[in-house]
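Whatever order the structure lists ligands and atoms in, that order sets their numbers, starting from 1. Any value given below was found using the heavy atoms of this structure, including those in side chains, with hydrogens, waters and symmetry copies removed. Numbers here are sequence positions counted from 1.
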Amino acid sequence: MTELKGLIFDVDGTLADNEQCGHRVAFNRAFVDAGVDWHWDEETYDRLLRVFGGKERMRHYLEEFVDGFEPPEGRDEFIRRVHASKTEHYGRLLETGEIPLRTGVARLIREAHQSGLKLAIASTTTLENAITLLAVNLGAECPGWFDVFACGDVVQKKKPAPDIYEYALERLGLSAQECLVIEDTESGLESARSAGLRTLITVNPTTRDEDFAGAEIVLDQLGEPNQPFSVLAGDAGGASWVDIEFLRKIHARN
Ligand code: XBP
């Protein structure tokens with residue numbers, strides 16, 4: 001039986017419920033700075049979240065919802081510039097501490113670090129966004145607990161393509177069978193499973209009704225000893241929060 005040696009975390013929606021209150025707000029502030037009268041309300045952003053990658057999401061919005069927009073510097077440069085502005089706004093939002101980690105995330109990351117498991121991030125967001133979220137919520141030393149940051153444009157094909165998880169595995173020096181993934185979306189599950197990885201899902205309000213067939217287990221959150229998770233699909237074997245022992249049992253099932 002292959003031993004669990006690595007844990008790979010998605011970021012947005014998994015570590016923090018940060019899309020509507022974080023990324024969306026940052027995009028809208030960047031649009032104001034850019035002098036365009038776009039505003040992504042929560043309903044619009046829920047739909048746009050089907051496209052992974054902030055730059056890819058902006059391009060999709062331009063192509064699907066904005067007629068005849070041709071910025072002087074060209075679309076590619078405009079998207080690059082506005083996305084950089086958005087990332088600055090998002091970083092400032094993170095620094096305020098107003099975007100906390102989800103239930104159980106801080107505890108599990110600390111436990112995983114202390115357990116000796118190799119840790120990786122596999123996210124469509126930028127490296128700086130992932131590092132800042134961890135550092136602001138878990139301290140400046142926390143990013144150093146991770147062996148690999150597979151983020152953003154290190155791969156061309158974003159989730160649901162498997163590329164980001166294949167990149168993470170290659171940098172970890174581990175096989176897919178030696179790892180587990182924690183994700184929150186159907187596309188993230190597809191990306192991880194296409195890379196051969198078994199996946200635990202913690203849904204969030206946007207993804208609760210997505211199709212998670214093939215996940216090892218689907219939970220509403222990672223839980224805490226005094227705040228048990230709810231099992232939406234699969235068998236928790238009597239556990240009520242996700243810790244390293246729980247992950248090892250899930251991993252040992254196959
Ligand atoms: C979710 C994404 C990201 C964020 C926005 O990433 O699709 O694009 O929505 O971040 P994941 P950027 O679930 O893989 O963590 O604007 O930096 O892309």
Residues forming a salt bridge (charged side-chain N to carboxylate O under 4.0 Å, His left out) with Glu98, sequence neighbours excluded
none

Output all residues satisfying side-chain hydrogen bond (donor to acceptor under 3.5 Å, both in side chains) with Thr125, sequence neighbours left out; order by chain, then residue number.
Asn129

Regarding Asp17 and Asn204, is there a side-chain donor-to-acceptor distance under 3.5 Å anywhere?
no

Looking at Lys158 and Glu56, is any side-chain nitrogen of the basic one under 4.0 Å from a carboxylate oxygen of the acidic one?
yes

Atom-level proximity to ligand 1, residues with heavy atom under 4.0 Å
Asp10, Val11, Asp12, Glu19, His23, Phe27, Tyr45, Phe52, Gly53, Gly54, Arg57, His83, Lys86, Ser123, Thr124, Thr125, Thr126, Asn129, Lys159

Scan the side chains in residues 26-35 for donor-acceptor partners under 3.5 Å anywhere in the protein, sequence neighbours excluded, and list what turns up.
{"residue": "Asn28", "atom": "OD1", "partner": "Trp40", "partner atom": "N", "Å": "2.7"}
{"residue": "Asn28", "atom": "ND2", "partner": "Arg24", "partner atom": "O", "Å": "3.4"}
{"residue": "Asn28", "atom": "ND2", "partner": "Trp40", "partner atom": "O", "Å": "3.0"}
{"residue": "Asp33", "atom": "OD2", "partner": "His89", "partner atom": "NE2", "Å": "2.6"}

Checking salt bridge (Lys or Arg N to Asp or Glu O under 4.0 Å) for the pair Glu190/Lys159: CA distance, chi angles, key distance, verdict?
CA-CA 8 Å; Glu190 181 181 340; Lys159 298 175 185 176; over 6 Å; no

